[in-house]
Amino acid sequence: MSDQSESRIITARKEKVEQVREQGINPYPNDFKRQNTCKDIRSEMEGLTPEQVEGSGKSYVLSGRIMAVRDFGKAAFLQLEDGSGRIQVFIKKDVLGEEEYALYKMLDVGDIVGISGTPFVTRTGELTIQADGVVLVTKSVRPLPEKWHGLKDVEIRYRQRYVDLIANPEVREVFRRRTALIKHLRDHLDENGFMEVETPMMHPIPGGATARPFVTHHNTLDMDLYLRVAPELYLKRLVVGGFERVYEVNRNFRNEGISTMHNPEFTMLEFYMAYADYRDMMDFTEELLQTVVQKAAGGTSITYQGTELDFARPFTRLAFYDALYGVKGFSESEGSDHGKAAAFARKAEIPVSDKDPLGKVHLKIFEHFVEPKLTAPTFVYDYPISVSPLSRRSDADPEIAERFELFVAGMEIANGFSELNDPRDQENRFRQQVAEFDAGDEEAHRMDSDYIRALEFGLPPTAGEGIGIDRLVMLVTDSPSIRDVILFPHQRAEQP
RNA sequence: GAGCCAGUAGCUCAGCCCGGUAGAGCACCUGACUUUUAAUCAGAUGGUCGAAGGUUCGAAUCCUUCCUGGCUCACCA
């Protein structure tokens with residue numbers, strides 16, 4: 001940004017930096033040693049009478065950003081904010097002395113300062129630090145958003161998240177809760193014998209989910225690589241290798257649409273449990289989510305966009321085909337006929353292709369009619385085999401996959417299944433997927449011969465699951481958009 | 001990718017229908033004020049009205065195209 005296009009406020013502040021330098025003061029020193037945080041001071045003084053506070057003999061050294069100033073000419077109140085909270089500071093000319101008071105007068109809202117002083121309680125009852133020393137720690141040259149209305153412009157909030165975080169305390173709280181929730185998930189998995197691992201983000205063959213990948217290129221090897229759409233196939237290789245319970249919390253990348261529920265990169269928890277099937281996994285998921293929601297939200301019940309959602313066990317369980325044939329006007333006799341099912345879908349303006357396998361048509365009808373209505377945490381289980389290329393076939397019905405998905409507030413939160421460990425069946429399913437890919441379905445799986453080779457060594461019976469962390473955080477923080485729970489959501493490049 | 005809505009001072013917003021020299025609050029600057037809580041009081045400054053074209057004597061306002069964002073839909077988790 002050129003000097004001419006900058007606002008005069010920024011220009012004036014930059015000049016101030018030079019003035020400070022001319023007075024022999026470093027506007028960006030790094031030798032100020034903070035000794036107390038706002039929170040520490042508050043807890044030390046909690047419950048004391050004003051007389052006790054003033055008579056405590058305590059002296060504090062703190063540092064933070066000036067968030068507000070109420071100036072009275074020869075005295076002033078500052079609101080000082082550090083990472084732990086806020087505290088009020090009282091500056092008085094006759095306490096500070098002529099010279100240091102002149103330095104205070106050079107300060108602006110937004111500057112980071114160091115304060116030493118003693119606690120007292122004002123006559124309005126607010127715990128305050130009476131400053132006996134003030135130093136500039138970091139000069140700020142850009143004005144903060146307005147104190148009362150704050151920063152509302154969503155574009156600036158997402159692009160300049162640092163400003164959003166300074167101006168909007170509730171945004172900081174959302175991301176603290178996000179971090180806490182992920183920690184609770186890890187804790188629960190660790191306590192249950194899971195080992196956290198890291199698998200490649202760059203895949204020679206994209207796999208593990210039906211999704212279009214991002215492509216990148218390795219120069220030295222002169223080969224294309226794909227940002228992973230899922231870690232699934234690598235995690236199962238680890239189960240083959242003998243790590244019987246593994247998990248990974250990390251980013252997946254899918255080259256698809258952006259919406260309030262989709263970001264091109266998003267965080268997924270995937271975990272695998274040997275000697276378990278998909279029913280065990282549903283049980284485990286209930287336990288996991290109940291525990292985590294309880295810790296993150298203080299109870300099993302949360303309110304999402306005005307709707308009460310209860311994560312207390314057990315969750316509702318609904319067989320896929322029971323749900324599907326509960327759709328008005330769609331009976332089993334129609335559903336079992338590809339032509340009739342496709343016609344039903346088209347009548348509802350659901351785009352289906354003649355090449356879509358019957359199971360895919362069923363899934364599309366399900367997604368259109370059933371999914372949005374699944375508000376309370378609900379497991380849907382026993383999916384069509386053709387849309388579940390990595391899931392174990394049901395022994396009772398070869399057209400059914402031992403797979404489930406968890407829906408909450410109409411959003412898909414989790415997807416899990418008994419893993420397909422028959423290498424011959426897996427190879428055939430890959431072939432089927434390759435045929436769909438060749439027919440133009442860019443989301444279909446590719447052949448992964450090494451994965452087949454791994455299965456040939458023997459994958460014990462295993463259940464696996466992926467949980468969409470961003471969406472879970474949306475629920476727990478009552479956020480309407482996924483962008484509200486991702487620190488730097490994807491945006492178009494900023495225009496110069 | 002389609003539809004709808006929005007973009008005016010650092011921030012939050014009026015003004016746009018119905019064309020006539022750009023407005024408010026807060027912030028910033030000046031002055032007053034030594035216990036305030038969105039401090040108060042007085043005054044001053046600040047704008048290529050998202051961009052480019054067009055219509056017009058005259059455009060923030062009407063028209064066209066483009067850019068950016070939000071929402072809905074589509075694809076998807």
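Below, chains carry the letters A, B, ... as their sequence lines are ordered, and counting in each starts from 1.
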Does A:R212 place a side-chain N or O at less than 4.0 Å from the phosphate oxygens OP1/OP2 of B:rC75?
-> no
Identify which nucleotide among B:rG69, B:rC11, B:rU35 has an atom closest to any side-chain atom of A:P145, counting heavy atoms from C-beta outward.
-> B:rC11
Identify whether any heavy atom of A:D94 sits under 4.0 Å from a base atom; if not, whether one sits that close to sugar-phosphate; answer base, sugar-phosphate or nothing.
-> base
Does a salt bridge link A:K360 with A:D441, judged by any charged N lying under 4.0 Å from a carboxylate O?
-> yes
Answer yes or no: does a side-chain N or O of A:K152 lie under 4.0 Å from OP1 or OP2 of B:rC11?
-> no
Does the base of B:rU36 carry an N or O that pairs as donor and acceptor with the side chain of A:E126 under 3.5 Å?
-> no
Mind checking the C1' distance from B:rU12 to B:rG53? Whole angstroms is fine.
-> 32 Å
Taking 4.0 angstrom as the limit, do A:E443 and A:R254 come out as a salt bridge?
-> no
Using modelled atom types only, decide if a donor and an acceptor are shared between the side chain of A:R429 and the backbone of A:S391 within a distance under 3.5 Å.
-> yes
Take atom P in B:rU45 and the same atom in B:rU30, then report the distance between them in whole Å.
-> 15 Å
Base paired to B:rC66 (Watson-Crick or G-U; both N/O distances under 3.5 angstrom) = B:rG50
Side chain of A:R159 - closest among B:rA38, B:rG69, B:rC29 | B:rG69
Of the candidates B:rU36, B:rA77, B:rC33, the side chain of A:D71 sits closest to B:rC33
Examine distances only and state if a side-chain atom of A:H338 and a backbone atom of A:D356 form a donor-acceptor pair shorter than 3.5 Å.
-> yes
Distance in angstrom units between A:I66 CD1 and B:rC28 C1', rounded | 15 Å
Is the distance from OP1 or OP2 of B:rG47 to the nearest side-chain N or O of A:R8 less than 4.0 Å?
-> no
Could you tell me the separation between the NZ atom of A:K93 and the P atom of B:rU36, rounded to a whole number of Å?
-> 20 Å
If the C1' atom of B:rA27 is compared with that of B:rA39, how far apart are they to the nearest Å?
-> 15 Å
Indicate, with a heavy-atom threshold strictly under 4.0 Å, whether A:I91 touches base, sugar-phosphate, or nothing.
-> nothing
The nucleotide from B:rU35, B:rC28, B:rC11 with an atom nearest the side chain of A:I156 is B:rC11
If pairing means Watson-Crick or G-U wobble with both distances under 3.5 Å, then the partner of B:rC41 is B:rG31
Would you say A:Q79 reaches B:rA38's phosphate, i.e. side-chain N/O to OP1/OP2 under 4.0 Å?
-> no
Answer with base, sugar-phosphate or nothing: what part of the nucleic acid does A:R483 contact at a heavy-atom distance below 4.0 Å?
-> sugar-phosphate
Select base, sugar-phosphate, or nothing to describe what A:K92 touches, counting heavy atoms under 4.0 Å on all strands.
-> base
Ignoring hydrogens and angles, tell me if any N or O in the side chain of A:R228 forms a donor-acceptor pair with the backbone of A:N252 under 3.5 Å.
-> no
Check whether any side-chain heavy atom of A:Y234 lies under 4.5 Å from a side-chain heavy atom of A:V246, and answer yes or no.
-> no
Side chain to side chain, A:Y278 and A:R392, heavy atoms closer than 4.5 Å = no
Take atom CZ of A:F120 and atom P of B:rU35, then tell me their distance rounded to the nearest Å.
-> 10 Å
Nearest-angstrom distance, C1' atom, B:rG1 to B:rU48 = 34 Å
For the side chain of A:F72, starting at C-beta, report the closest nucleotide among B:rA39, B:rA27, B:rG69.
-> B:rA39
Would you say a side-chain N or O of A:T260 is under 4.0 Å from OP1 or OP2 of B:rU72?
-> yes
Distance, P atom - from B:rG46 to B:rC29, rounded to whole angstrom | 16 Å
Take atom C1' in B:rA74 and the same atom in B:rA14, then report the distance between them in whole Å.
-> 37 Å
Which nucleotide in the set B:rA77, B:rG70, B:rU12 lies at the smallest distance from any side-chain heavy atom of A:E146?
-> B:rU12
Under 4.0 angstrom, heavy atoms only, what part of the nucleic acid is A:R471 near: base, sugar-phosphate, or nothing?
-> base
Considering just the side-chain nitrogens and oxygens of A:K74, establish if one lies under 4.0 Å of OP1 or OP2 belonging to B:rU36.
-> no
Sticking with atom P, work out how far B:rC13 lies from B:rG54, rounded to a whole angstrom.
-> 33 Å
Give a yes/no on whether any side-chain N or O of A:R492 is located under 4.0 angstrom from OP1 or OP2 of B:rC67.
-> no
What nucleic acid atoms does A:Q88 come within less than 4.0 Å of, heavy atoms only: base, sugar-phosphate, or nothing?
-> base
Would A:R161 count as a cation-pi partner of A:F175, with NZ or CZ less than 6.0 Å from the six-membered ring centre and within 45° of the ring normal?
-> no
Assign A:G257 to base, sugar-phosphate, or nothing according to its heavy-atom contacts below 4.0 angstrom with the strands shown.
-> base
Select base, sugar-phosphate, or nothing to describe what A:K16 touches, counting heavy atoms under 4.0 Å on all strands.
-> sugar-phosphate
Should B:rU12 form a Watson-Crick or G-U wobble pair with both distances under 3.5 Å, which nucleotide is its partner?
-> B:rA24
A:I258 has an atom CD1; how far is it from atom C1' of B:rU72, in whole Å?
-> 16 Å
Whole-Å distance separating the CG atom of A:L80 from the C1' atom of B:rU36 = 16 Å
A:E99, CD atom: more than 12 neighbouring heavy atoms under 6.0 Å | no
Crowded around A:M202 CE? As in, over 12 foreign heavy atoms under 6.0 Å?
-> no
Of the nucleotides B:rC29, B:rU34, B:rG10, which one has an atom closest to the side chain of A:I9?
-> B:rG10
B:rC75 OP1/OP2 closer than 4.0 Å to side-chain N/O of A:T210 | no
Whole angstrom value for the distance that separates P of B:rC13 from NE2 of A:H149 = 7 Å
Could you give the distance separating B:rU61 and B:rA6 at their P atoms, to the nearest angstrom?
-> 14 Å
Nucleotide opposite B:rA60 in a Watson-Crick or G-U pair, distances under 3.5 Å = none
Grab the CZ-P distance between A:R157 and B:rC11 for me, whole Å please.
-> 15 Å
Give A:D153 one of three labels, base, sugar-phosphate or nothing, depending on what nucleic acid heavy atoms sit under 4.0 Å from its own.
-> sugar-phosphate
What does A:N255 touch in the nucleic acid at a heavy-atom separation under 4.0 angstrom: a base, only the sugar-phosphate, or nothing?
-> nothing
To the nearest angstrom, the CE-C1' distance between A:M261 and B:rC71 comes to 13 Å
Assign A:G150 to base, sugar-phosphate, or nothing according to its heavy-atom contacts below 4.0 angstrom with the strands shown.
-> sugar-phosphate
Using the rule for Phe, Tyr, His and the six-membered ring of Trp, do A:F77 and B:rA39 stack at under 5.5 Å and under 30°?
-> no
Which nucleotide sits closest to the side chain of A:L151: B:rC33, B:rC11, B:rG70?
-> B:rC11
Want to settle it: does A:F90 or A:A68 sit nearer the 5' end of RNA chain B, counting the closest nucleotide to each?
-> A:F90
Mate of B:rA2 across any strand shown (Watson-Crick or G-U wobble, both atom pairs under 3.5 Å) is B:rU72
Under-4.0 Å side-chain N/O to phosphate OP1/OP2 contact, A:R70 with B:rA38 | no
